[in-house]
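Report on one structure; see the data block that follows.
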Amino acid sequence: MIDLAASATLLAIVAFAAIAYAARVAMRGRARSERVEREGQSVLVGKAPMEMVHWILGPIGDACVRLGISANAVSWASLAFGLAAGVALGAGHFGIAAGLT
C-alpha cells in the first residue's frame, strides 16, 4: 500500500508541475533559460522540455544558494538517496524507490 501511495504522490507532483508550466506558457509564453539558449537542445531532449525543467527547478536551486547548501552537500544527499532507493528496490518497494530517486 505504501508503494502505491508513493507512486501516486510522485505522479501528482509531476502532474502539478506540468499543469503549472502549461498555465505559465498560456499566460506569459515559454520560460527562457539563458543556459538553454547558450547550449541549445540535446540530441534526445528539445529546448521546450529543458526550459520547463529549468523553470521548475530554478527556485529550488535559488533556495539552496540562499540557505548556503553547497554542491558537495547536494551530491552527498543524492548518493544517500540513491543508496536508499537501491535498498528499497532490493526489498521490492518500487514506489518508494521511485520516490527516493
Check: Does Phe94 reach the side chain of Asp3, with side-chain heavy atoms less than 4.5 Å apart?
Finding: no

Note to self: With clusters defined by side-chain heavy atoms of hydrophobic residues (ILVMFWY) lying less than 4.5 Å apart, directly or transitively, does Leu100 cluster with Ile2?
What the structure shows: yes

Notebook entry, point to check: Going hydrophobic residue to hydrophobic residue with side-chain gaps under 4.5 angstrom, can you get from Leu67 over to Val74?
Noted result: yes

Check: For the residue pair Ala85 and Ala97, what are the closest heavy atoms and their distance?
Finding: O-CB, 3.5 Å

Notebook entry, point to check: Can Leu44 be reached from Val53 by stepping across I, L, V, M, F, W or Y side chains whose heavy atoms are under 4.5 Å apart?
Noted result: no

Notebook entry, point to check: If you draw a 6.0 Å radius around CD in Glu37, do more than 12 non-hydrogen atoms from other residues or ligands fall strictly inside?
Noted result: yes

Next item on the list: Compare all side-chain heavy atoms of Arg24 with those of Met52 and state whether any distance is below 4.5 angstrom.
Entry: no

Check: Closest approach of Ser7 and Gly95, non-hydrogen atoms and distance?
Finding: OG-CA, 3.3 Å

Check: According to a 4.5 Å side-chain heavy-atom criterion applied to Ile, Leu, Val, Met, Phe, Trp and Tyr, with indirect links allowed, do Met1 and Ile96 form part of one hydrophobic cluster?
Finding: no

Check: Any donor and acceptor pair, going by atom type alone, linking the side chain of Tyr21 with main-chain N or O of Arg30 inside 3.5 Å?
Finding: no

Check: Say you draw a straight line from CZ of Arg35 to NE2 of His54; how long is it, rounded to the nearest 0.5 Å?
Finding: 5.0 Å

Margin query: Ignoring hydrogens, what is the shortest heavy-atom contact between Pro49 and Gly46? Give both atom names and the distance.
Written below: CD-O, 3.3 Å

Check: Got a sec: does the CZ of Arg28 have more than 12 other heavy atoms crowding it under 6.0 Å?
Finding: no

Next item on the list: Kindly work out whether a path of hydrophobic side-chain contacts (I/L/V/M/F/W/Y, heavy atoms less than 4.5 Å apart) joins Val36 to Val45.
Entry: yes

Check: Can you name the closest pair of heavy atoms from Leu10 and Ala98 and give their distance?
Finding: CD2-O, 3.7 Å

Notebook entry, point to check: When rounded to the nearest 0.5 angstrom, what is the spacing between CD in Glu51 and CD in Glu34?
Noted result: 12.0 Å

Next item on the list: First locate atom CD of Glu39, then atom NZ of Lys47, and finally report the distance between them rounded to the nearest 0.5 Å.
Entry: 11.0 Å

